Every structure is written in C-alpha cells, then in structure tokens.
Amino acid sequence: MTVRTRFAPSPTGFLHIGGARTALFSWAYARRHGGQFILRIEDTDVARSTPEAVQAIIDGMNWLGLSHDEGPFYQMQRMDRYKEVIQQMLANGTAYYCYTSKEELDALRAKQEAKKEKPRYDGRWRPESGKQLPVIPAGIDPVVRFKNPATGIVAWHDQVKGRIEISNEELDDFIIARADGTPTYNFCVVVDDWDMGITHVIRGDDHVNNTPRQINVLAALGATVPLYAHLSMILGDDGQKLSKRHGAVSVTQYDDDGYLPEAVLNYLARLGWSHGDDELFSMEQFVQWFDLDHITASAAQFNTEKLNWLNAQYIKQADNARLLNEALKRLNGQGVDTSKAQNLDRAIGLYKERVTNLNELADALHPFCVAVHATEEVKAQHLTDAAKAALATLKEKLDAVTDWIAPNLNAAIKDTVAAHGVKMPAVAIPLRVVLLGQPQSPSIDQVLEVLGRECVMARLQAI
RNA sequence: GUCCCUAUCGUCUAGAGGCCUAGGACAAUACCCUUUCACGGUAUGAACCGGGGUUCGAAUCCCCGUGGGGACGCCA
C-alpha cells in the first residue's frame, strides 16, 4: 500500500506555526514511506476564503520547503462530485431532507441548553420505518442530513492517542448539504479523503470530535477508513492558546525575523515528537527517523529561546555566501548602501559564530558598509580625552604599519597601550566605538584587518 | 451542562513494570576561556499533579479526583 497523506488548510489566513507543524508531519510521513503528499484547499466557506490566503499558505510551505506531490485541489471545484454523492445517499437512504428552519433549530438549542443538555438535532425529519414524518412546509429549502447510526459505538485506533471510542448516541444527524445545496466540511472531507485515496489522516486534534462522524459517513459510503493521527496543539510562549489576536503569526514572519527555515523546521519537528536525545538534526535524518509512535499526545508550549538557540546553531553551520546574501538583502531593505563595502564575506566569518539571527548578522555588517556613529551617550562614556589621546597615538602607529594584517595591527595596539600606561580595554573599547559605533565586537585586530586600512584611517581621522 | 483528549525539571522531552539515586536539550546560576561582548568549555540547582488500587516491585497498568485543552454551527 502506498502511503498518501494530505494537508488540508482552509484559506482564511496565513500559514501559522501550528499548521506548519501539521504540514511538516504529514509531509515527513509521506516522504518516510515513499508515498505522496497532497495539498488540498478547503475553501467551501466562500465568505472567508481568499486567493491571497491560498497564496500565503503556499508561500509559507515553499519557504519551509514542504513540497507537495499532488494538488493543490480546491473543494469549490469539486462541487459536482459532492452533489453526486449526496444524491446517491439520498437515494439509498443514508441521508434525508430536513425542513427544520434555523429559527426552530435555535429554539431547540436554547431549550436543550436551558435543561443543561448537549445541544443536538432531535431527528424530527429522520425517516424510520413506521414513523409518520411532519407535513412538508411550503417555502422552505431543505438541508440534507446524514442518517447517523442510532446505536452502537464508533471507535478507531488513533496513531497518536490510542483507542478512542464514542457512542453513536452522542452524535446527531449532522447537515451534509446546506439549504442552498452546498456541501459542508465534514462531508467534503470524507468524499475527498476517499476519492484521493488518503491512507493516513494527520491533522490537529481539534478534529478528534469530527472523526467519528467522518468514519460513519465513510462506512455509509462503503469506503475504506483511513488511519488517523491527531496532533495536539501548540501553545504560545506564555502557555496560552495561539490565536490571531494572541501570538499566532505567519511562518514567513520567521523569515522576516531572521530565522533560517531549517532551524524552524528542526524546532517544529522536535516540538511534540522526539527521537531519543537527538536535538539537532537535518531534514534528511528527520525523514529517516520520523514515525507516529513518538508523537506526544499532550499540548506543547512554544519556546522562542530554544528556537533562537537552534537558529544560532544553523547560522554557525551555514555557508558564508548564503549568509552574506541574506544579510545584504536585509541591509538593502533598510536602505544601507552596500555597494562600497569590501571584505564582507570575511566579516561574515567574524560574526556568524556570535549571532542568533540573520537580522543581528545584518546589523553587525552595517558598519562594514558605511560609517555607523555611536549614540552621544556611548561617545560620552567611552571617548574621553584620555581615550582620544590614546587613539591619536594609535593612529600614528597604524599609519606606520606596512603589512595590514592582524598580528601587525595587534602589535600597534599593544605599543599604544604600553606608551600610555593603560590596559588593553582603554584603547580597544574607544577604538570599537569609533570604528563600529559600539563598544563590543569580535577580536579588534581582526576587525581592523577586515575593515581595511583606508576605512580605519578615515574613521580615526573623523573623531 | 454533556462528550472527547490530556498530565515527568520554568520550557521541549527520554522513559513500553525492575536498567530511575528519573536521562538529554533550551533557559537559569557559578567558574574557566577572553583586551570587550558573544561563542565555546566545565559544573550546579531544578520534575514523575493528588488519592486509591493491581504487583514481590509502578513515572510506567487500572479507578477516582484535580488541573489544562478541545468539541457540541446551514465555520472549517
């Protein structure tokens, strides 16, 4: 049997971190088993679905590198098929017309809630042998309801949560087609999963409650029931549920924030899934190791600090040319003139070990492109008269250096330190402030070398 | 309210009845490295939600609480 998984978002917003992890796990499972990963857009909510959201989801998946093998399929383009199945069900008695109005339904629900009962359809239009149905009212377009089994249980072995069973008595006859004839979510999913030959449904655990309904419809259709794996949700950094109002951002925001996609992927893979003590692994390893047995059943809290750490690890490993490209993109985006900069590739080497994200890397490269001036506060603190005097001496000594390489530059600094009878930081810190606009940097002699003689002398001149 | 899911350090997790004096990672703290800030290294503190069972033996199995989450739409 070929494994076929799917990711089926509704295009009502961007791809957020929870959706991304669901997609990642579905993708990985298909890849692991040499199967197919299908992208399906569930756009039957016409009012809220937008083409922009479809694009945003695809952009997010592209950034992460989660490629699909089939699709995107759009549910709105499959209307004829859904209607065909509904007609079949109406004909064979597994579905029926219901003429209850929304007002009547609201009244029914209010009554049930008042009695502290679970709100549900009472089956007044459900045909039973020997039962007298109400008179069909005039002027009402009926909905179509699924005739759910009245007794027994529906159970499945969830690949994450274990055996789950629900009594059919908990389930009511849910609507599969609205009064205007359009099919509803729980029905479309079933027809799609069936038609598309989905073998493993990997989705968020907010769908656990839909699963028994879907299994019952599948059974009514005579379709094979796929395996289900319900992933727990991801909570925000503060343990609160992620929502549009609270903390949920597009995965592409992580790009803007300077994260490498492989760091986000590694983090997401590790959030709710584990392979022993392994923390840092490539997507190749992940695909090789991924299984449904080691997925955590409970919700996981997002931890930005750990993501930051992973990102730093991936930046250290990353190719310099790639990092430079990312940094330039960011600097240019800020309007920084990068055209006159030299040795930027070497500056990357100086900083890639120390930064947490690409934006920090870009900031670090900024003074290697154009002069960056320290704030008045920093200047006042570090550029004292004594410091300026020392820098004047240093300038002379640097001027005399013939071969502009770190050991020679270091010697010039040491000479200055000795001449003024001060400690190293008394020279190195003000020097950093003048050259880079801030008091911290990598090894100062390296910085001097990479900055180049012309740039260093010009900036010392400008004190 | 009813139904469903869930519960190990602050966080992500390892853990399939004896390997657990509960392991790893992030974070924290201390020290080392260092001309600064980082990086890196070393070390330390930090958890099995509570109560009952089952068993020679329970973090692991069962039950009951409690906490957390989800669902109960002509949304998906």
Side-chain angles (χ1 to χ4, degrees), chain A residues 8-12 42-45 47-49 75 98 100-102 105-106 109 112-121 141-145 158 160-162 164-167 169-172 174-186 188-189 204-212 230 232-233 235 237 239 241 267 270-280 293-294 296-310 312 316 351-356 360 364 382 410 413-414 417 423-429 431-433 438-445:
Chain A
S10 62
T12 55
E42 309 211 320
D43 56 354
T44 54
D45 184 354
R48 294 196 300 152
S49 298
Q75 289 188 323
C98 167
T100 314
S101 68
K102 285 183 186 180
L105 248 20
D106 288 343
R109 191 170 6 254
Q112 288 165 330
E113 279 171 3
K115 282 161 64 182
K116 305 271 189 201
E117 284 170 3
K118 186 173 187 166
R120 61 213 294 206
Y121 176 65
D141 290 324
V143 300
V144 178
R145 287 184 185 270
D158 195 275
V160 173
K161 296 178 185 291
I164 299 178
E165 70 167 56
I166 296 193
S167 166
E169 286 161 30
E170 291 296 327
L171 272 21
D172 63 1
F174 69 102
I175 292 170
I176 61 175
R178 302 178 181 92
D180 66 5
T182 58
T184 59
Y185 167 77
N186 267 315
C188 297
V189 167
D205 74 358
D206 46 334
H207 289 291
V208 166
N209 296 280
N210 291 325
T211 306
H230 287 99
S232 61
M233 59 187 302
L235 272 22
D237 239 332
K241 188 190 170 185
Y267 180 73
R270 196 62 192 66
L271 194 62
W273 174 85
S274 61
H275 183 263
D277 288 339
D278 292 306
E279 297 285 351
L280 206 53
D293 297 336
H294 291 82
T296 310
S298 56
Q301 190 171 317
F302 195 87
N303 187 234
T304 304
E305 285 176 327
K306 188 158 183 178
L307 206 213
N308 287 344
W309 175 77
L310 275 166
K316 279 190 230 282
Y351 283 94
K352 67 188 289 193
E353 302 273 328
R354 357 181 358 114
V355 298
T356 290
E360 284 178 16
H382 296 286
N410 193 37
I413 297 172
K414 289 239 164 84
V417 165
K423 300 248 190 212
M424 191 69 169
V427 175
I429 306 267
L431 181 57
R432 290 187 170 96
V433 170
Q438 55 166 43
Q440 295 92 32
S441 82
S443 196
I444 189 64
D445 49 359

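Here is how names work: the chains are called A, B, and so on, in the same order as the sequence lines, proteins then strands, and each is numbered from 1. Keep in mind that this is a model prediction, so the values were computed, not measured. Values below: all heavy atoms of this structure, side chains included; hydrogens, waters and symmetry mates excluded.
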Student: Hey, are the side chains of A:F302 and A:L235 touching, using non-hydrogen atoms and a 4.5 Å cut-off?
Tutor: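 Heavy-atom side-chain distance check fails, nothing below 4.5 Å.
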Student: For atom P, what is the distance between B:A27 and B:C64, given to the nearest Å?
Tutor: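 So the two P atoms sit 42 Å from each other.
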Student: Between the protein and nucleotides 60-65 of chain B, list the N/O to N/O atom pairs that are separated by less than 3.5 angstrom.
Tutor:
none

Student: Searching all strands shown, indicate the nucleotide that pairs with B:A30 (Watson-Crick or G-U wobble; both distances under 3.5 Å).
Tutor: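 Because both required distances fall under 3.5 Å, B:A30 counts as paired with B:U42.
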Student: Between A:S441 and A:E165, which has a closest nucleotide on RNA chain B that is more 5'?
Tutor: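 Closer to the 5' end of RNA chain B: A:E165.
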Student: Which residues pass the salt bridge (Lys or Arg N to Asp or Glu O under 4.0 Å) test with A:K316, sequence neighbours left out?
Tutor: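 Testing A:K316 for salt bridge (Lys or Arg N to Asp or Glu O under 4.0 Å), a comparison that skips the adjacent residues, returns none.
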Student: Mark yes or no for whether A:D43, through its side chain, and A:S49, through its backbone, hold a donor-acceptor pair below 3.5 Å.
Tutor: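 The answer is no, because no donor-acceptor pair under 3.5 Å joins these two groups.
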Student: If I pick the P atom on B:U11 and the same atom on B:A16, what distance separates them, to the nearest angstrom?
Tutor: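 Each nucleotide's P atom is 23 Å from the other's.
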Student: Does B:A25 have a Watson-Crick or wobble mate here (both distances under 3.5 Å), and if so which one?
Tutor: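 B:U11 is the nucleotide pairing with B:A25.
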Student: Heavy atoms under 4.0 Å is the rule here; annotate nucleotides 66-76 of chain B 5' to 3' with B where the base is hit, S where only the sugar-phosphate is, and - elsewhere.
Tutor: ---SBSBSBBB
Student: In whole angstrom, give the distance that lies between atom NE2 of A:H294 and atom P of B:C12.
Tutor: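 To the nearest whole Å, that distance equals 18 Å.
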Student: Using atom CG of A:L310 as one end and atom P of B:U13 as the other, report the distance to the nearest whole Å.
Tutor: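 Computing the A:L310:CG to B:U13:P distance gives 13 Å.
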Student: Roughly, in whole Å, what's the span from CG in A:L271 to P in B:U11?
Tutor: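 After rounding, the gap between these two atoms is 13 Å.
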Student: A:E360: which residues meet the salt bridge (Lys or Arg N to Asp or Glu O under 4.0 Å) condition with it, sequence neighbours left out?
Tutor: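 Applying salt bridge (Lys or Arg N to Asp or Glu O under 4.0 Å) to A:E360 gives none.
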Student: Looking only at side chains, do A:T182 and A:D180 share a donor and an acceptor under 3.5 Å apart?
Tutor: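 The answer is yes; a qualifying pair exists.
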Student: Taking A:R270 for the side chain and A:D278 for the main chain, is one N or O donor matched with an acceptor at less than 3.5 Å?
Tutor: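 Yes.
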Student: Are any side-chain N or O atoms of A:T12 and backbone N or O atoms of A:R48, one a donor and one an acceptor, separated by less than 3.5 Å?
Tutor: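 It does not hold such a pair.
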Student: Looking across every strand, which nucleic acid part, if any, lies under 4.0 Å from A:G239 by heavy atom: base, sugar-phosphate, or nothing?
Tutor: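 Nothing, no nucleic acid heavy atom in range.
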Student: What is the base-pairing partner of B:C3, counting Watson-Crick and G-U wobble geometry with both distances under 3.5 Å?
Tutor: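 Pairing partner, where one exists within any strand: B:G70.
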Student: Write down the distance separating the C1' atoms in B:C9 and B:C4, rounded off to the nearest Å.
Tutor: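 Those two atoms are separated by 30 Å.
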Student: Can you check the distance between B:C33 and B:A25, where both ends of the measurement are the C1' atom (answer in whole Å)?
Tutor: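 Approximately 23 Å lies between the C1' atom of B:C33 and that of B:A25.
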Student: Say you draw a straight line from CG of A:N303 to OH of A:Y267; how long is it, rounded to the nearest 0.5 Å?
Tutor: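 Between A:N303 CG and A:Y267 OH, I get 5.0 Å after rounding to 0.5 Å.
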Student: Are A:T100 and A:V143 close enough that some pair of their side-chain heavy atoms sits under 4.5 Å apart?
Tutor: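 No, side chains not in contact.
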Student: So, OP1 or OP2 of B:A14: does either fall under 4.0 Å of a side-chain N or O from A:S274?
Tutor: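 Yes, A:S274 has a side-chain N/O under 4.0 Å of OP1/OP2 on B:A14.
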Student: Between A:R145 and A:Y121, is NZ or CZ placed under 6.0 angstrom from the six-membered ring centre and within 45° of the ring axis?
Tutor: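 Yes, A:R145 lies over the aromatic ring of A:Y121.
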Student: At under 4.0 Å, does any side-chain N or O of A:K352 touch on OP1 or OP2 of B:C39?
Tutor: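 No, outside the criterion.
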Student: Is a side-chain donor-acceptor pair under 3.5 Å present for A:T304 with A:D237?
Tutor: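 Their side chains do contain a donor-acceptor pair, which is all the 3.5 Å distance test asks for.
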Student: Can you give one letter per nucleotide of nucleotides 18-35 of chain B, 5' to 3': B if a protein heavy atom sits under 4.0 Å from the base, S if only from the sugar-phosphate, - if neither?
Tutor: -----BBBSS-------B
Student: Using Watson-Crick or G-U wobble geometry with both distances below 3.5 Å, tell me the partner of B:C49, or none.
Tutor: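 For B:C49, the partner nucleotide comes out as B:G65, under the 3.5 Å rule.
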Student: Suppose we define a pair by two distances each less than 3.5 Å, Watson-Crick or G-U wobble; what does B:G57 pair with here?
Tutor: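 Base partner found: none.
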Student: Base, sugar-phosphate alone, or nothing: which one does A:P442 contact when heavy atoms must sit under 4.0 Å apart?
Tutor: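 Base: the residue A:P442, judged by heavy atoms under 4.0 Å, touches a nucleobase.
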Student: How many Å lie between CD on A:Q438 and P on B:A38, as a whole number?
Tutor: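 To the nearest whole Å, that distance equals 12 Å.
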Student: Between B:A47 and B:G52, how many Å separate the two C1' atoms, rounded to a whole number?
Tutor: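 It works out to 23 Å between them.
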Student: Rounded to whole angstroms, how far apart are CG on A:N308 and P on B:U11?
Tutor: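 It works out to 18 Å between those atoms.
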Student: Among residues at least two apart in sequence or on other chains, which ones pass side-chain hydrogen bond (donor to acceptor under 3.5 Å, both in side chains) with A:H230?
Tutor: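 For A:H230 the side-chain hydrogen bond (donor to acceptor under 3.5 Å, both in side chains) partners, ignoring immediate neighbours, are A:D158, A:R203, A:T211.
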Student: Give me the distance, rounded to whole Å, that separates B:A59 from B:G50 when you measure between the P atoms they each carry.
Tutor: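 Each nucleotide's P atom is 11 Å from the other's.
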Student: Rounded to the nearest 0.5 Å, how far apart are NZ of A:K161 and OG1 of A:T296?
Tutor: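 These two atoms lie 10.0 Å from each other.
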Student: Using the C1' atom as the reference point in each nucleotide, state the distance between B:U8 and B:U60 in Å, no decimals.
Tutor: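 Nearest-Å result for B:U8 against B:U60 at atom C1': 11 Å.
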Student: Rounding to an integer number of angstrom, what distance separates B:A30 and B:C39 when you compare their P atoms?
Tutor: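 Taking atom P in both B:A30 and B:C39, they lie 14 Å apart.
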